[in-house]
2 protein chains.
Amino acid sequence: MTQRPRRQSRILELVRAGSVSSQDQLRELLESHGLHVTQATLSRDLRALGVVKAADGYRLPESNGSNGSTGMSDGQEELARVIGMYAFSVREAGTMVVVRTGPGHAQIVAVGLDRSGLGDVLGTIAGDDTIFIATPGVEAAERLASALRELAEIEA
Amino acid sequence: MTQRPRRQSRILELVRAGSVSSQDQLRELLESHGLHVTQATLSRDLRALGVVKAADGYRLPESNGSNGSTGMSDGQEELARVIGMYAFSVREAGTMVVVRTGPGHAQIVAVGLDRSGLGDVLGTIAGDDTIFIATPGVEAAERLASALRELAEIEA
DNA sequence: TGGGTCATTGCATGATTATTCACATTGTGA
DNA sequence: TCACAATGTGAATAATCATGCAATGACCCA
């Protein structure tokens, strides 16, 4: 039986305690626990244990690495094409309508909105992934949001 | 305004997509998006964004690594952490909430907001040090601003 | 406009981590 | 028990990441 299970158990303790900022430091900590091992082995251990490296040191993962991606629906043509391609959420917010897109896509959708000639669109402000659309009133906002959802094939 | 907010947005997109296993690969990916930057700057960006390195590549943090449970969702714990560290002002503006951070920290706080699952958050626009949060209405804005102030331990 | 201060960024290099190669140890089946 | 396969480990080195320093840009003020 190798030292590995015992060593990895000790590694987990140290990582949980927030004590580990580098593999060489970990090696020294283990040394002081009577475990003599090289950095190469520790690199392997940390990988095997799924430990992640943050700016402030090593951490245990709390969950799997499925990075929550913003789902985007399929696209169509013109405004419908871009909004269908890049927008995933259309909500009323008072007299505004808020469209969410994937990062970096708000501008192109906003251009499509500006060119669409939709009467309820008074103006748009777009950042990276969010577009604020000004409408004349609350009812107009609801009307526009409903229309955009249909174009984008998004459910409310 | 420097390239940094835009670049960091794009970095977040790529990391979320699970596309990034090394900083040099990230540099190439950004190059193909027309963003020319060195590995040194990317190291700084990734640190600023709180991105962690796992065996299979870079990930957004799911939590702050503390194992204590406070009854908040993981996303809200993370939000509390980043907003507590980086935000210094939370104000309502009609149906919007405006969060001010230290320079360069808006993006990471916006990540926290997006991941928090707070229902009143319809969308966010983040620049370098300012975040605009869209909410469904004036009351929702007040409610959210109040909640964020509490998380950030900021007085009105 | 010019000067001062601070932030951002690239270059170069140091620090850290991952991997290859060689060897040792352990496990397994005949 | 023996032969071979599988696994573990260290040393050396390659790959990757972090940081000091200097240059430049942004911003502010007189």
Side-chain angles (χ1 to χ4, degrees), chain A residues 1-12 14-15 18-61 65 128, chain B residues 1-12 14-15 18-61 65 85-88 100-110 126-131:
Chain A
M1 176 69 80
T2 72
Q3 291 275 75
R4 197 167 67 137
R6 182 160 163 255
R7 187 179 66 234
Q8 291 191 345
S9 180
R10 191 54 54 88
I11 288 170
L12 287 176
L14 292 167
V15 171
S19 310
V20 186
S21 58
S22 73
Q23 292 179 6
D24 202 54
Q25 184 201 4
L26 178 58
R27 184 188 56 75
E28 287 169 356
L29 287 168
L30 289 172
E31 195 101 20
S32 71
H33 284 83
L35 290 162
H36 308 287
V37 74
T38 62
Q39 173 270 322
T41 299
L42 294 181
S43 179
R44 293 174 181 123
D45 281 344
L46 291 167
R47 184 186 185 107
L49 292 168
V51 171
V52 300
K53 176 79 184 279
D56 59 352
Y58 286 97
R59 304 187 191 159
L60 294 180
D128 194 55
Chain B
M1 171 77 83
T2 72
Q3 290 274 74
R4 197 165 62 132
R6 180 157 168 260
R7 186 178 67 234
Q8 291 189 346
S9 271
R10 192 52 54 87
I11 288 169
L12 289 174
L14 292 167
V15 171
S19 310
V20 186
S21 59
S22 75
Q23 293 178 5
D24 202 54
Q25 185 202 4
L26 178 58
R27 183 188 56 74
E28 287 169 358
L29 287 168
L30 289 171
E31 194 102 22
S32 71
H33 285 83
L35 289 163
H36 308 288
V37 75
T38 61
Q39 174 270 325
T41 298
L42 294 179
S43 180
R44 293 173 178 125
D45 280 344
L46 291 167
R47 185 188 184 103
L49 292 168
V51 171
V52 299
K53 177 82 184 281
D56 59 351
Y58 286 97
R59 305 187 192 161
L60 294 178
M85 283 175 76
Y86 301 123
F88 63 80
R100 296 296 313 281
T101 71
H105 293 132
Q107 292 287 343
I108 189 168
V109 175
D128 192 53
D129 62 1
T130 305
I131 308 162

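Below, read A as the first sequence line, B as the second, and so on, with proteins coming before strands; counting in each chain starts at 1.
Dashed line: the shortest gap from a side-chain N or O of A/Q23 to OP1 or OP2 of C/dA15 is not under 4.0 Å. A sub-4.0 Å separation between OP1 or OP2 of C/dT17 and a side-chain N or O of B/K53 is absent. Contact annotation: B/R7 side-chain N/O to C/dT9 OP1/OP2 distance is under 4.0 Å.
In this structure, the CG atom of A/D24 is 17 Å from the P atom of D/dA18, given to the nearest Å. Computed from coordinates, the A/R27 CZ to D/dG10 P distance equals 11 Å when rounded to whole Å. Between the CD1 atom of A/I11 and the P atom of D/dG8 there is a distance of 13 Å, given to the nearest Å. When the P atom of D/dT7 is taken as reference, atom CD of A/Q8 falls 14 Å away, rounded to whole Å. One interatomic measurement links the two molecules: OH of B/Y58 to P of D/dA15, which rounds to 16 Å at whole-angstrom precision. Regarding B/H36, its NE2 atom lies at a distance of 18 Å from the C1' atom of C/dT8, rounded to whole Å. Look at CG on B/L42: it is 13 Å from P on C/dC11, rounded to the nearest Å. One interatomic measurement links the two molecules: CZ of B/R4 to C1' of C/dG10, which rounds to 15 Å at whole-angstrom precision.
The two residues A/H36 and A/E31 come nearest to each other via the heavy atoms ND1-OE2, 2.8 Å. Listed here is the closest heavy atom pair of A/A54 and B/V52: CB-CG1, 3.5 Å. A pairwise comparison of heavy atoms in A/V37 and A/R27 identifies O-CG, 3.2 Å as the closest pair. In plain terms, the two heavy atoms of A/R47 and B/A55 that are nearest each other are CG-CB, 3.7 Å.
Formation of a donor-acceptor pair under 3.5 Å by the A/Q23 side chain with backbone atoms of A/T41 is not found in this model. No donor-acceptor pair under 3.5 Å is formed between the side chain of A/S43 and the backbone N or O of A/A40.
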Each nucleotide N or O in nucleotides 19-25 of chain D that has a protein N or O under 3.5 Å away: list the pair and distance.
{"residue": "D/dG20", "atom": "O6", "partner": "B/R44", "partner atom": "NH2", "Å": "2.7"}

With side chain to side chain contact (heavy atoms under 4.5 Å, CB included) as the test, would you mind laying out the steps for B/L30 and B/L42 before giving the verdict?
CA-CA 10 Å; B/L30 289 171; B/L42 294 179; 3.4 Å; yes
